[in-house]
Amino acid sequence: MKIIMLGAPGAGKGTQAKKIAAKYNIPHISTGDIFRANIKNGTELGKKAKTYMDQGLLVPDELVVDLVVDRVNQEDCKDGYVLDGFPRTIPQAEALDKALGDMGQKMDYAIDVNVPDENIVRRMSGRRACVGCGATYHLVYAPTKEEGICDVCGKELILRDDDKPETVQKRLNVYHEQTQPLIDYYAKAGILREVDGTIDIEDVFKAVTDILGA
Ligand code: ADP
Ligand code: AMP
């Protein structure tokens with residue numbers, strides 16, 4: 001099963017993608033996580049990506065597409081995967097379709113997690129990410145057992161630089177201009193499914209599993 005998660009930054013794509021990956025036993029591929037790991041490890045890719053990410057801008061398509069195409073060609077992706085944060089532009093979606101087409105494959109679902117802009121700013125200011133393993137929490141909606149400490153690895157939690165309110169507004173603008181057109185793109189391809197992302201995390205997941213099947 002090959003799945004794309006669509007939605008504004010902070011809509012809950014990562015939260016749902018992790019749950020999908022666990023339930024259906026497929027890899028969760030987050031381009032944001034890949035870039036953050038590269039930044040942490042000081043790679044050339046990380047250095048390049050950081051300049052865009054810190055400004056709330058998209059990393060150029062040419063730095064993202066090959067990376068994802070290589071990843072989905074790996075052995076662990078043969079039974080499917082869930083893409084989170086990719087594609088984010090029409091050229092990325094076209095490049096993905098082309099790469100899959102060349103392998104005689106196609107995407108099965110594009111699930112749009114729908115959350116209005118008003119909710120997003122509140123979501124992002126409460127999001128906390130683990131500096132160690134990258135697990136994501138929310139101060140109110142998905143709190144850790146011990147405040148400020150990751151449930152998974154025990155490391156410290158931080159507010160991502162790009163989750164500060166001034167950058168969030170910019171990221172939302174970028175989303176509307178460059179990423180939202182993908183909703184139409186996948187509707188035309190006949191694989192778009194919409195879920196309401198404003199309800200509880202478990203209720204969103206119920207809607208997702210209703211789409212994907214047991
Ligand atoms: P995205 O991957 O789309 O950027 P995340 O999955 O990281 O978004 O979610 C953004 C923030 O909102 C996180 O702090 C997460 O814990 C929280 N969150 C996710 N889904 C919900 C929901 N349905 N209700 C409330 N908060 C949520
Ligand atoms: P995310 O963790 O998905 O919110 O991504 C964080 C940041 O990484 C984004 O704001 C972009 O700067 C960059 N990024 C992640 N995925 C992509 C992508 N597919 N195309 C361009 N930039 C991306």
Side-chain angles (χ1 to χ4, degrees), residues 4-21 28-40 45-46 48-69 71-72 82-96 111-130 134-144 150-151 157-164 167-175 177-179 182 195-208:
I4 292 169
M5 302 307 291
L6 293 175
K13 301 181 295 296
T15 301
Q16 297 301 323
K18 286 190 187 101
K19 292 172 80 67
I20 294 170
H28 166 212
I29 303 173
S30 155
T31 41
D33 284 353
I34 294 172
F35 288 136
R36 281 184 289 277
N38 274 275
I39 292 172
K40 202 169 150 189
L45 175 65
K48 282 186 195 152
K50 188 173 178 355
T51 60
Y52 298 95
M53 291 167 75
D54 284 352
Q55 296 178 71
L57 299 172
L58 294 185
V59 173
D61 292 339
E62 58 271 23
L63 293 183
V64 191
V65 170
D66 291 350
L67 184 132
V68 175
V69 171
R71 180 68 190 87
V72 300
V82 51
L83 292 179
D84 161 17
F86 182 93
R88 257 179 159 102
T89 64
I90 296 278
Q92 289 180 18
E94 288 171 345
L96 178 65
I111 302 180
D112 178 42
V113 184
N114 198 337
V115 176
D117 287 10
E118 307 82 88
N119 302 33
I120 293 286
V121 181
R122 198 165 50 239
R123 285 257 181 109
M124 304 289 252
S125 60
R127 170 156 68 181
R128 293 293 180 273
C130 172
T136 303
Y137 301 92
H138 191 282
L139 291 179
V140 179
Y141 308 121
T144 47
C150 179
D151 287 350
L157 304 183
I158 51 154
L159 175 69
R160 270 166 50 180
D161 279 343
D162 60 348
D163 280 352
K164 300 197 167 126
T167 314
V168 169
Q169 192 50 56
K170 183 116 165 255
R171 292 171 69 199
L172 272 173
N173 296 343
V174 167
Y175 167 75
E177 278 166 29
Q178 300 193 55
T179 308
L182 292 177
V195 295
D196 176 2
T198 63
I199 55 180
D200 278 2
I201 292 173
E202 290 306 325
D203 294 331
V204 180
F205 191 54
K206 166 85 175 54
V208 169

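Counting starts at 1 for both ligands and their atoms, in listed order. Position 1 is the first residue of the sequence, and the numbers go up from there.
Ligand 1 is never approached by G85 to a heavy-atom distance shorter than 4.0 Å. The shortest heavy-atom distance from V140 to ligand 1 is not under 4.0 Å. Residue G7 places every heavy atom at 4.0 Å or more from ligand 1.
Residue contacts with ligand 2 for K13 are absent, since no atom lies close enough (heavy atoms, distance under 4.0 Å). Proximity of L57 to ligand 2, defined as any heavy-atom pair under 4.0 Å, is confined to the backbone N, CA, C and O atoms. Under 4.0 angstrom from ligand 1, there are no non-hydrogen atoms of A17.
By heavy-atom distance, the residue among M53, R171, Q55, R127 lying nearest atom 10 (O) of ligand 2 is R171. For the residues Q16, K19, R127, the heavy atom positioned nearest atom 7 (O) of ligand 1 is part of R127. Nearest to atom 21 (C) of ligand 1 by heavy-atom distance, out of L139, V113, I201, D33, is I201.
For D162, no nitrogen or oxygen atom sits less than 3.5 Å from a nitrogen or oxygen atom of ligand 2, counting backbone and side chain alike. The shortest N/O to N/O separation between V64 and ligand 2 does not fall below 3.5 Å. Checking only distances, K13 does come within under 3.5 Å of ligand 1, N or O to N or O. Between G14 and ligand 1, at least one N/O pair is under 3.5 Å apart. Checked against a 3.5 angstrom limit, the closest N/O atoms of R160 and ligand 2 fall inside it. In terms of polar-atom proximity, P87 is not counted as a contact of ligand 2, lacking any N or O under 3.5 Å from an N or O of the ligand. Residue Q92 places at least one N or O, backbone or side chain, under 3.5 Å from an N or O of ligand 2. At under 3.5 Å, not a single nitrogen or oxygen of F35, backbone or side chain, sits near a nitrogen or oxygen of ligand 2. In terms of polar-atom proximity, R36 is counted as a contact of ligand 2, with an N or O under 3.5 Å from an N or O of the ligand. The shortest N or O to N or O distance between T31 and ligand 2 is below 3.5 Å.
The closest side-chain heavy-atom distance from L67 to F86 is not below 4.5 Å. When side chains are defined from C-beta on, I29 does not count as touching V82, because their heavy atoms never get closer than 4.5 Å.
Counting all heavy atoms, side chain and backbone alike, K13 lies closest to A8 at NZ-O, 2.9 Å.
The line from CZ of R122 to CG of D117 is 12.0 Å long, rounded to the nearest 0.5 Å. Put simply, CG on N119 and CG on N114 are 10.0 Å apart, with the number rounded to the nearest 0.5 Å.
A salt bridge links R36 to D33: at least one charged side-chain nitrogen sits closer than 4.0 Å to a carboxylate oxygen. Taking a cutoff of 4.0 Å between a charged side-chain nitrogen and a carboxylate oxygen, D163 and R127 qualify as a salt bridge. Remark: R88 does not engage D61 in a salt bridge, criterion side-chain N to carboxylate O under 4.0 Å.
Remark: the backbone N or O of G85 is paired with a side-chain donor or acceptor of T31 at under 3.5 angstrom.
Set against the non-hydrogen atoms of V204, the atoms of ligand 1 under 4.0 Å away are 23 (N). When each atom of ligand 2 is checked for a heavy atom of F86 under 4.0 Å away, the hits are 19 (N).
Applying the 6.0 Å contact sphere to OH of Y52 captures no more than 12 heavy atoms from other residues, nucleotides or ligands.
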